[in-house]
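Comments concern the structure below.
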Amino acid sequence: MNDHQRHYLFDCATAGVQGLQPYQPGKPLSELEREYGVRDAVKLASNENPLGPSPRVQEAIQAHVAELARYPDGNGFGLKRALADRHDVDLKQITLGNGSNDVLELIARAFLAPGRGAVFSEHAFAVYPIVTQAIGATPQVAPARDHGHDLQAIRAAIDDTTRVVFIANPNNPTGTWLPGRELEAFLAEVPRDVILVLDEAYVEYVREPDYPDSLPWLDRWPNLVITRTFSKAYGLAGLRVGYALSSPVVADLLNRVRQPFNVNSLALAAAEVALGDAEHIARAVALNDAGMQAWRAACDKLGLAYIPSVGNFLSVDVGRPAGAVYEALLREGVIVRPIGAYGLPNHLRITIGTEAENSRAIAALEKVLA
């Protein structure tokens with residue numbers, strides 16, 4: 001294909017898609033082994049639960065393998081019923097997605113269009129601008145405060161064209177969070193014709209006493225949408241299943257643009273069991289708490305600043321352009337995540353792993369920086 005053909009095909013795309021940068025996922029272990037010949041590498045790049053799914057979940061997956069020739073339940077009734085019981089909501093308030101990323105895209109497709117805008121914060125999750133621009137809408141970026149969401153700046157960015165506001169609490173990749181009193185006051189100021197998306201992908205890890213229980217707000221603000229995922233604390237990232245809780249009207253609109261069978265049968269079965277496995281979540285949270293303490297102590301020892309985080313990751317300022325440190329860590333068999341694309345060129349986002357993974361990564365970082 002010559003340059004003329006490439007340009008011709010590129011010009012066929014919409015302006016919003018042309019202006020996008022593809023989402024860059026964390027480097028998989030297999031790719032590191034191919035490129036560098038490294039064996040027994042440690043991956044701390046994608047905020048995955050190092051414990052993986054619980055034994056109960058693995059049994060549920062195995063029990064459903066024989067049914068893979070059948071389409072899944074397109075309505076996801078079993079999982080919806082479990083979610084409704086857990087969160088004390090009606091089934092009509094739930095939208096299931098192929099990961100919470102899928103739900104974020106459904107929101108964009110339902111409420112955004114050319115001439116409309118979506119507000120989100122600087123340093124916020126990369127999917128927000130992707131789903132906004134892909135639909136032809138206008139991204140409206142509010143400046144951050146202390147690497148986190150500045151609600152006053154977000155409110156100031158809302159104008160007559162704004163139809164969606166994305167807020168991650170906790171935020172990825174910074175791990176910052178918003179207390180309940182601030183969010184509640186902000187909700188009261190958001191225009192009723194603006195959908196406020198509260199992305200709570202890491203909610204299970206949060207231990208802060210001022211972190212809000214957002215679920216009761218659904219009754220007070222019909223324009224609120226809460227998104228959550230089974231990819232993080234529940235250890236089901238490879239199965240891709242997430243969900244949204246909202247008013248029945250919003251859920252109905254989201255389900256109108258949802259693809260049929262967007263959540264596969266193994267994911268539905270696994271998520272339903274995972275939701276009820278409180279012991280596994282408790283183990284995952286305890287492991288994360290211990291690992292976070294180890295990483296903070298290591299950063300203090302190395303003289304490295306970091307952004308205080310309540311997620312299962314820590315964004316560390318390595319004091320120099322992080323790309324070279326990232327590459328050096330790859331050669332040591334440790335995969336982390338550079339976040340220059342988020343406006344943080346000197347930071348590496350490091351997922352909290354097992355005790356052994358953390359120790360190896362800390363030793364590698366110490367070696368590389370020396």
Side-chain angles (χ1 to χ4, degrees), residues 25-33 36 38-61 170 172-175 201-207 229-240 270-271 273-275 277-302 304 306-316 318 322 325-326 328-339 347-369:
K27 185 183 288 291
L29 291 167
S30 57
E31 184 177 331
L32 179 64
E33 292 177 355
Y36 295 90
V38 176
R39 296 292 181 268
D40 300 321
V42 172
K43 183 187 178 188
L44 301 177
S46 299
N47 300 345
E48 298 148 334
N49 182 347
L51 295 179
S54 74
R56 286 175 54 190
V57 169
Q58 295 180 48
E59 291 173 5
I61 292 171
N172 174 31
T174 61
Y202 300 91
V203 62
E204 291 82 9
Y205 288 110
V206 183
R207 317 276 270 187
T229 184
F230 287 91
S231 295
K232 306 305 180 185
Y234 290 100
L236 300 182
L239 286 179
R240 311 303 300 125
V273 173
L275 190 66
D277 197 342
E279 292 181 1
H280 187 68
I281 290 294
R283 286 193 295 270
V285 171
L287 180 69
N288 189 70
D289 289 345
M292 184 68 76
Q293 291 181 13
W295 270 106
R296 288 173 176 168
C299 289
D300 292 341
K301 177 183 176 182
L302 294 171
L304 299 176
Y306 55 85
I307 303 170
S309 169
V310 294
N312 67 336
F313 56 88
L314 191 66
S315 290
V316 179
V318 295
V325 179
Y326 164 72
L329 286 172
L330 290 180
R331 299 182 187 283
E332 296 295 324
V334 175
I335 309 174
V336 293
R337 187 70 176 272
I339 50 176
H347 284 73
L348 293 173
R349 192 193 67 190
I350 303 170
T351 302
I352 307 301
T354 63
E355 182 179 359
E357 290 171 335
N358 295 331
S359 296
R360 178 173 174 184
I362 289 168
L365 181 61
E366 187 172 4
K367 176 181 177 181
V368 164
L369 294 179

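Because the structure is predicted, anything quoted here is derived from the model rather than measured.
Side-chain contact between Ile362 and Lys301 is absent, with no heavy atoms from C-beta onward closer than 4.5 Å. Residues Leu365 and Val336 form no side-chain contact, since every pair of their non-hydrogen atoms from C-beta on lies 4.5 Å or further apart. When side chains are defined from C-beta on, Leu239 does not count as touching Phe230, because their heavy atoms never get closer than 4.5 Å.
Listed by chain and residue number, nothing satisfies the salt bridge (charged side-chain N to carboxylate O under 4.0 Å, His left out) test with Glu357 (two or more places apart in sequence, or in another chain). For Arg283, there are no salt bridge (charged side-chain N to carboxylate O under 4.0 Å, His left out) partners, not counting sequence neighbours. For Glu48, the salt bridge (charged side-chain N to carboxylate O under 4.0 Å, His left out) partners two or more places apart in sequence, or in a different chain, are Lys43. For the side chain to side chain contact (heavy atoms under 4.5 Å, CB included) test, residues two or more places apart in sequence or in another chain that qualify with Ser231 are Thr229, Ala237, Arg240. In this structure Val310 satisfies the side chain to side chain contact (heavy atoms under 4.5 Å, CB included) test together with Pro170, Trp177, Val206, Glu208, sequence neighbours excluded. Partners of Ala364 under the side chain to side chain contact (heavy atoms under 4.5 Å, CB included) rule, at least two apart in sequence or in another chain, are Leu329, Glu332, Val334. Take Asp300 and apply the salt bridge (charged side-chain N to carboxylate O under 4.0 Å, His left out) test, not counting sequence neighbours, and it matches no residue. The ring pair (Phe, Tyr, Trp, His ring centres under 6.0 Å) test applied to Tyr202 returns Phe313, not counting sequence neighbours. Considering only residues two or more places apart in sequence or on other chains, Pro173 meets the side chain to side chain contact (heavy atoms under 4.5 Å, CB included) condition with Asn171, Ser315, Ile339, Tyr342, Arg349. In this view, Asn358 and Trp295 satisfy the side chain to side chain donor-acceptor pair (under 3.5 Å) rule, not counting sequence neighbours.
Distance check, rounded to the nearest 0.5 Å: CD of Glu204 to CG of Asn49 gives 10.5 Å. With rounding to the nearest 0.5 Å, the separation of NZ in Lys232 from CG in Asn172 is 6.5 Å. For the atom pair Gln293 CD and Asn288 CG, the distance stands at 10.5 Å (nearest 0.5 Å). Between atom CG of residue Leu314 and atom CG of residue Leu348 there is a gap of 10.5 Å, rounded to the nearest 0.5 Å.
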Set out, in order, the CA-CA distance, both residues' side-chain angles and the distance that settles side-chain contact (heavy atoms from CB on, under 4.5 Å) for Tyr234 and Asp277, then state yes or no.
CA-CA 9 Å; Tyr234 290 100; Asp277 197 342; over 6 Å; no
For Val273 and Glu59, run side-chain contact (heavy atoms from CB on, under 4.5 Å): C-alpha distance rounded to whole Å, both residues' side-chain angles, the deciding distance at 0.1 Å, then the answer.
CA-CA 10 Å; Val273 173; Glu59 291 173 5; over 6 Å; no
Could you give me the CA-CA distance, side-chain angles and deciding distance for Val368 and Val318, then say whether side-chain contact (heavy atoms from CB on, under 4.5 Å) is met?
CA-CA 11 Å; Val368 164; Val318 295; over 6 Å; no
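Listed by first and then second residue, the salt bridge (charged side-chain N to carboxylate O under 4.0 Å, His left out) pairs involving residues 285-299 are Arg207-Asp289 (not counting sequence neighbours).
With hydrogens and angles ignored, the 3.5 Å screen pairs a side-chain donor or acceptor of Gln58 with a backbone N or O of Pro53. Panel note: side chain His280, backbone Gly52; a donor-acceptor pair is recorded below 3.5 Å.
Taking all atoms of both residues into account, the shortest heavy-atom contact from Ala233 to Ala284 is O-CB, 4.1 Å. The two residues Tyr306 and Cys299 come nearest to each other via the heavy atoms CD2-CB, 3.6 Å.
Checking Ile350, Ile352, Thr351 one by one against Asn47, the side chain to side chain contact (heavy atoms under 4.5 Å, CB included) holds for a single residue, Thr351.
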